[in-house]
Undergrad: 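Got a structure here, written out as structure tokens. Questions coming.
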Amino acid sequence: IRVGSYDSVNIIKPEDAAVLFKAEGHYPKRLRVEAWTSYRDYRNRKYGVLLKDGEDWKSNRIVLNKEVISPKVQGNFVPLLDEVGQDFVARVQKKIERTGQNEWTTDLSHELFKFALESVSHVLYGKRLGLLLDYIDPEAQHFIDCITLMFKTTTPMLYLPPALLRHTRAKVWKDHVEAWDGIFNQADRCIQSIYRQLSKNPDAGEKYPGVLASLLMLDKLSIEDIKASVTELMAGGVDTTSVSLLWTLYELARHPDLQEEIRAEISAARIASKGDVVQMLKMVPLIKGALKETLRLHPVAVSLQRYITEDIVLQNYHIPAGTLVQLGLYAMGRDHRIFPHPEQYRPSRWVRSQSHYFRNLSFGFGPRQCLGRRIAETEMQLFLIHMLENFRFEKQRQVEVRSTFELILLPEKPIMLTIKPL
Ligand code: HEM
Ligand code: 2DC
């Protein structure tokens with residue numbers, strides 16, 4: 001066995017990415033996070049779509065796609081996510097009032113974690129957890145802490161073989177198990193409560209009941225498979241979107257003119273869409289560009305990976321089938337040959353001008369791309385709409401904040417923002 005390394009070919013160019021993804025086969029497979037599979041093996045829990053491979057992955061993913069990422073479900077998600085966005089504004093307004101200074105300077109990350117969990121839970125369960133209230137369920141806060149700990153403890157185990165992992169008494173493994181235990185316990189409670197409610201009252205009515213209830217009623221996946229993937233969706237829905245939103249507010253605070261321009265776009269879209277929020281989301285190209293730009297400079301995933309299923313040629317090198325190829329997303333986003341003036345935060349680069357050919361890869365690509373993408377994009381767009389309609393964001397000192405790797409990329413230090421009512 002190899003300890004501490006694995007062989008891979010590393011690329012960053014869009015042309016190479018195109019070749020890579022053409023050779024990913026019918027069951028695209030990425031680097032396995034052994035700590036995550038080891039935990040499930042250890043606790044005898046099923047893999048969800050994140051960790052499955054082959055035919056089992058495909059059949060689950062096809063069912064999940066219809067309920068979670070197909071364009072037709074966006075209309076179901078919008079009212080649920082819009083409500084959480086509005087409640088977040090109300091919460092910030094209250095916080096500002098309480099300072100007595102008509103502004104609030106803060107590290108928003110903890111509020112954003114709660115916002116993200118509240119959002120994804122509303123979509124998954126059709127119910128509110130109440131995380132934007134003053135007194136929150138300590139179990140829900142514990143869930144958030146467990147996700148952070150889970151990511152943090154994954155990193156040191158990335159390059160250890162599973163045999164070594166499980167039989168080690170190391171503190172990281174113990175912490176990792178504790179973190180996943182906390183995640184699964186909380187998810188199990190949420191899932192059980194919906195399951196019980198559904199068996200008592202099966203004909204729900206016309207209101208959209210959420211992803212979990214839809215999957216249960218559809219009856220195409222086993223309950224264990226549904227539980228496994230819904231737990232992954234719940235866990236995947238917290239740090240990813242909250243950190244991306246924090247980076248976006250940070251960039252908008254550093255670019256006041258751009259912030260104003262986006263605000264103008266929003267108010268025009270608000271008027272033109274006459275209260276139809278789904279329609280409104282089609283009229284905010286700069287918001288969408290801003291989110292792409294955030295993920296270009298501050299990607300959640302440092303790389304994408306695939307095991308290729310056929311021989312390919314990259315940069316004149318012959319790469320045999322079976323090789324692990326990694327696309328360096330972070331490096332790609334900051335390469336001047338790929339993005340002119342990469343250091344500049346310019347949402348408009350996604351709206352017009354240059355080619356976007358294999359450049360917009362922050363959520364991955366193809367059938368194995370991020371399953372939570374539709375939820376994430378809708379949630380983040382609505383958040384920015386509501387926040388920019390109500391507040392101005394400013395930053396004290398113009399210091400550059402860098403990223404640190406805790407499995408996902410996070411700000412290396414707290415980002416302090418000043419929030420003022422408009
Ligand atoms: C997979 C990024 C939010 C759930 C992935 C992948 C990336 C990614 C790069 C790997 C894709 C590939 O290999 O091609 C992001 C980003 C997010 C985000 C940038 C937000 C800014 C979310 C959310 C959820 C989620 C909100 C849950 C609601 C998942 C799942 C997978 C995944 C389940 C595995 C899919 C599979 O293997 O079939 N994500 N993600 N993600 N993500 Fe996300
Ligand atoms: C981390 O070298 C660096 O979306 C490794 O929502 C390669 C690697 C493999 C898989 C990637 C991971 C990296 C970063 C985090 C990702 C993960 C796949 C899914 C996961 C990108 C790049 C993430 C954050 C999911 C997590 C869901 C989980 C909490 C249930």
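Read the numbers this way: they start at 1 and go in the same order the structure lists the ligands and their atoms. Counting begins at 1 with the first residue of the sequence. What you see is a predicted model, and the numbers here were worked out from it, not measured in a lab.
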Undergrad: In this structure, does ligand 1 have an atom that sits under 4.0 Å from one of the heavy atoms of Arg368?
TA: yes
Undergrad: Return yes when at least one protein heavy atom is under 4.0 Å from atom 11 (C) of ligand 2, and no when none is.
TA: no
Undergrad: Please check atom 23 (C) of ligand 2 for a protein heavy-atom neighbour under 4.0 Å.
TA: no
Undergrad: Counting from 1, what ligand 1 atoms have a heavy atom of Arg61 closer than 4.0 Å?
TA: 35 (C), 36 (C), 38 (O)
Undergrad: Looking at Tyr47, is Lys52 sitting on its ring face, NZ or CZ under 6.0 Å from the six-membered ring centre and within 45 degrees of the normal?
TA: no
Undergrad: At under 4.0 Å between heavy atoms, which part of Val120 makes contact with ligand 1: side chain, backbone, both or neither?
TA: side chain
Undergrad: Considering the heavy atoms of Ser303, write down every atom of ligand 2 situated less than 4.0 Å from one of them.
TA: 22 (C)
Undergrad: Quick one: which ligand 1 atoms are inside 4.0 Å of a heavy atom on Gly372?
TA: 4 (C), 23 (C), 24 (C), 25 (C), 27 (C), 28 (C)
Undergrad: I want to know if ligand 1 touches Gln305 in the polar sense, i.e. an N/O pair below 3.5 angstrom.
TA: no
Undergrad: Report the part of Leu50 in contact with ligand 1, treating N, CA, C, O as backbone and CB onward as side chain, heavy atoms under 4.0 Å; options are side chain, backbone, both, neither.
TA: both
Undergrad: Out of Val300, Leu158, Leu50, whose heavy atom sits nearest atom 28 (C) of ligand 2?
TA: Leu50
Undergrad: Polar contacts were defined as any N/O atom of the residue lying under 3.5 Å from an N/O atom of the ligand; does this apply to Ser362 and ligand 1?
TA: no
Undergrad: Considering only the protein, which heavy-atom contact is closest to atom 1 (C) of ligand 1, and what is its distance?
TA: Cys370 CA, 3.6 Å
Undergrad: Please could you name the atoms of ligand 2 that Leu407 approaches to less than 4.0 Å, counting only its heavy atoms?
TA: 1 (C), 14 (C)
Undergrad: Can you tell me which portion of Met234 lies within the under-4.0 Å heavy-atom range of ligand 1? Options are side chain, backbone, both, or neither.
TA: neither
Undergrad: Using a 4.0 Å cutoff against the non-hydrogen atoms of Gly236, which atoms of ligand 1 qualify?
TA: 22 (C), 23 (C), 24 (C), 25 (C), 26 (C), 27 (C), 41 (N)
Undergrad: Measure Glu379 to ligand 1 on non-hydrogen atoms and call it side chain, backbone, both or neither using the 4.0 Å cut-off.
TA: neither
Undergrad: Arg30 versus ligand 1: do any nitrogen or oxygen atoms come within less than 3.5 Å of each other?
TA: yes
Undergrad: Looking only at heavy atoms, is any part of Thr240 under 4.0 Å from ligand 2, and if so is it the side chain, the backbone, or both, or is it neither?
TA: side chain
Undergrad: Show which atoms of ligand 1 fall inside a sub-4.0 Å distance from at least one heavy-atom site of Phe365.
TA: 14 (O)
Undergrad: Could you check whether the rings of Phe88 and Phe383 sit parallel, tilted or perpendicular, using 30° and 60° as the cut-offs?
TA: tilted
Undergrad: Gly364 heavy atoms, cut-off 4.0 Å: which ligand 1 atoms fall inside?
TA: 9 (C), 11 (C), 12 (C), 14 (O)
Undergrad: Mind checking whether His176 and Trp180 have parallel, tilted or perpendicular rings, split at 30° and 60°?
TA: perpendicular
Undergrad: Does a salt bridge link Glu111 with Lys114, judged by any charged N lying under 4.0 Å from a carboxylate O?
TA: yes
Undergrad: In ligand 2, which numbered atoms sit nearer than 4.0 Å to a non-hydrogen atom of Glu232?
TA: 30 (C)
Undergrad: Please identify which atoms of ligand 1 are closer than 4.0 Å to at least one heavy atom of Leu304.
TA: 9 (C)
Undergrad: Any protein heavy atom at under 4.0 Å, with atom 16 (C) of ligand 2 as the reference point?
TA: no
Undergrad: Give the residue and atom name of whichever protein heavy atom lies nearest to atom 29 (C) of ligand 2, and the separation in Å to one decimal.
TA: Met150 CE, 3.5 Å
Undergrad: So which protein heavy atom does atom 20 (C) of ligand 2 come closest to, and at what separation?
TA: Trp36 CH2, 4.3 Å
Undergrad: Would one find an N or O of Glu232, backbone or side chain, under 3.5 Å from an N or O of ligand 1?
TA: no
Undergrad: Among all protein heavy atoms, pick out the one at the shortest distance from atom 18 (C) of ligand 2; state its residue, atom name and that distance to 0.1 Å.
TA: Arg30 NE, 3.8 Å
Undergrad: Can you name the atoms of ligand 2, numbered from 1 with element, that are less than 4.0 Å from a heavy atom of Phe405?
TA: 3 (C)
Undergrad: Tell me, please: is Lys52 in heavy-atom contact with ligand 1, that is, under 4.0 Å?
TA: no
Undergrad: Using a 4.0 Å heavy-atom threshold (strictly under), name the region of Ser244 that reaches ligand 1: side chain, backbone, both or neither.
TA: side chain
Undergrad: Looking only at heavy atoms, is any part of Leu329 under 4.0 Å from ligand 1, and if so is it the side chain, the backbone, or both, or is it neither?
TA: neither
Undergrad: List every atom of ligand 2 that sits less than 4.0 Å from any heavy atom of Ile408, numbering the atoms from 1 in the order shown and giving each element.
TA: 15 (C), 24 (C)
Undergrad: Among all protein heavy atoms, pick the one closest to atom 8 (C) of ligand 2 and tell me residue, atom and distance.
TA: Gln305 NE2, 3.4 Å
Undergrad: Which option out of Leu361, Thr240, Val49, Leu371 puts a heavy atom nearest to atom 30 (C) of ligand 1?
TA: Leu371
Undergrad: Who's the nearest protein heavy-atom neighbour of atom 17 (C) of ligand 1, and how far?
TA: Phe363 CE2, 3.3 Å
Undergrad: Please state which protein non-hydrogen atom is closest to atom 21 (C) of ligand 2 and give its distance, to 0.1 Å?
TA: Ala301 CB, 3.7 Å
Undergrad: Where is the nearest protein heavy atom to atom 6 (O) of ligand 2: which residue, which atom, and how far?
TA: Gly236 CA, 3.6 Å
